[in-house]
Protein chains: 2
Amino acid sequence: MKKDVDKVIIPKPAIVRLSTLYVLLENLEQEGKTKIFSAEIGKLLGVPSHTIRKDISFLRQAGTGNGYEISILKNIIAEYLGFNKYKKACIVGMGRLGNVITTKNGFYSNQYAVIAGFDNNPEKLKSTRTDMDLYPMAKLKEVIERENIKIGIITVPQDSARKVAHDLIDCGIKGIINFSPVLIEINRDDVFIRNIFIAGEFNILSAFISQYEKNKL
Amino acid sequence: MKKDVDKVIIPKPAIVRLSTLYVLLENLEQEGKTKIFSAEIGKLLGVPSHTIRKDISFLRQAGTGNGYEISILKNIIAEYLGFNKYKKACIVGMGRLGNVITTKNGFYSNQYAVIAGFDNNPEKLKSTRTDMDLYPMAKLKEVIERENIKIGIITVPQDSARKVAHDLIDCGIKGIINFSPVLIEINRDDVFIRNIFIAGEFNILSAFISQYEKNKL
DNA sequence: CAACTCCAGTGAATAATTTCACGATATCAC
DNA sequence: GTGATATCGTGAAATTATTCACTGGAGTTG
């Protein structure tokens, strides 16, 4: 009898690695590569090969045992992790950062589409040159519901970030990428937030470097 | 007899949380707040209060037992994690993203200073308006060594990211924040890299949302 | 068609991290 | 000052994640 696949819970760090791996595979595929080994993936992701093998084994879709066919592996990951479900995103805050992020620069996978931008400054709505549709904040709920958008990006200044986050959640957004330099507190376990907290990154590096030097002694 | 404090190894996730917490405390302090409780911190960081208490307890600098004095907690964290050691950073790639990041926007803590910018396009060196000193790539080693910079930010396009990373490491950089949409593979355990991999963030959110819905059933 | 080599897959062991639970200490009210 | 309440600090337990170690399949060579 087959194992109850649906009950296997994948460790969160494994989900993060596999999600990243997916984008990596997209890039490699575009470069013309078709096959890859666990050791190679490991190097690129900065983890040992057995970690990669284990991560992939959580998906319970055993391959042939001799390297991975990139296109197949991509599909297995996307299928299992549900990447095909939520492809639309919106962005709030059409300032300079918002602009940079949504300019197709390789920043986001070609699987996703940021289809709507919001800002409460009418000037910005006019001056911004982009493929997306731009709207004033008042249209937030209407657009998100109409397009069934589940992912939101926050690139507004500090003082409005929290309000925007809660507005997005009220409109049905389930995942947020927050670039504002403010941590956003949410009380619901059905909404996920990824904070891109650049100021913190300096400290993290500083700490790791110091820890390394301390332990070296 | 006192415990051998120096031998206590802090879990990596705790280091990351404490590093983030530090920036948070800086912000709260600027807003005029002087005291904070573990439950409050927990909400802001999105983790339970006992995790925060445990994280802080790794520092072995017990407080009074009734909330934390923000200024004191800040000092304890900075001291223990060595934040005071490496305050200078440089950035390679003065394109639009590089500009946005280095514009004092609250993106980086006021503790750090991005003091030098590099680009191999002479036009960019002239046209960019900034407080930093700007240099051509040829000056990389000279400047990094002269200023004893240990942290580098990469905001160059995809195709040069890997080379830039290795150049930085050759110049003595020990910590890298990589914004390019390429994962950088390094083989040294004395160099730390933080990939801000936006394309991956979409997948991660997508996966968490799907996982949540799957487990809900 | 062996024999050999190279990898993936995975259950089990180990290690790392988080959570728990409770004693200790500060604060406040009266 | 005493009691009531709130909060921290931390060793130990529980949970979660990683690493190990071995099996078996696929490709390759002569």
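The sequence lines fix the lettering, A, B, ..., with proteins before strands; numbering per chain opens at 1. Both backbone and side-chain heavy atoms feed into the values below; hydrogens, waters and symmetry mates do not.
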State which residues pass salt bridge (charged side-chain N to carboxylate O under 4.0 Å, His left out) with A:K141; sequence neighbours excluded, sorted by chain then number.
A:E145
Tell me, please, which residues at least two apart from B:Y68 pass ring-ring contact (aromatic ring centres under 6.0 Å, His included).
none
Filtered N/O pairs between nucleotides 14-20 of chain D and protein, under 3.5 Å:
unit_1	atom_1	unit_2	atom_2	d
D:dA17	OP1	A:K12	N	3.4
D:dT18	OP1	A:R17	NH1	3.0
D:dT18	OP2	A:R17	NH2	2.8
D:dT19	OP2	A:T51	OG1	2.7
D:dT19	O5'	A:H50	NE2	3.4

Considering residues at least two apart in sequence or located in another chain, which fulfil the side chain to side chain donor-acceptor pair (under 3.5 Å) criterion with B:K87?
none
Nearest-Å distance, CZ (B:F37) to P (C:dT27)?
10 Å
Which pairs, protein N/O on one side and nucleotides 22-29 of chain D N/O on the other, fall under 3.5 Å?
none

So, does B:Y68 get its side chain near the phosphate of C:dA26, meaning an N or O under 4.0 Å from OP1 or OP2?
no
Please report, to 0.1 Å, the donor-acceptor pairs under 3.5 Å made by any side chain of residues 30-43 of chain B, with sequence neighbours excluded.
unit_1	atom_1	unit_2	atom_2	d
B:K33	NZ	B:E40	OE2	2.5
B:K35	NZ	B:N66	O	3.3
B:E40	OE1	B:F37	N	3.4

Between D:dG9 (P) and B:I52 (CD1): distance, integer Å
12 Å
Could you tell me which residues satisfy ring-ring contact (aromatic ring centres under 6.0 Å, His included) with A:F192, sequence neighbours excluded, listed by chain and number?
B:F208
Once you round it to whole Å, what is the distance between C1' of D:dG9 and CG of B:L73?
14 Å
Partners meeting salt bridge (charged side-chain N to carboxylate O under 4.0 Å, His left out) with A:D190 (sequence neighbours left out):
A:K174, A:R188
Identify, with sequence neighbours excluded, every residue that meets salt bridge (charged side-chain N to carboxylate O under 4.0 Å, His left out) alongside A:E147.
A:K88
Looking at side-chain heavy atoms only, is the closest gap between A:I153 and B:F202 below 4.5 Å?
yes
Sorted by chain and number, sequence neighbours left out, salt bridge (charged side-chain N to carboxylate O under 4.0 Å, His left out) with B:K150 holds for none
If only side-chain N and O atoms of A:S38 are considered, is one of them under 4.0 Å from the OP1 or OP2 phosphate oxygen of C:dA8?
yes
Has B:K74 got its NZ or CZ under 6.0 Å from the middle of the six-membered ring of B:F83, at an angle within 45 degrees of the ring axis?
no
Holding to side-chain contact (heavy atoms from CB on, under 4.5 Å), I want the full list of residues that pass it with B:I144, two or more places apart in sequence or in another chain.
B:C90, B:L140, B:I149, B:L168, B:C171, B:I173
Between the first and last five pairs of the helix from C:dC1-D:dG30 to C:dC30-D:dG1, the angle of the axes, rounded to 10 degrees:
30°
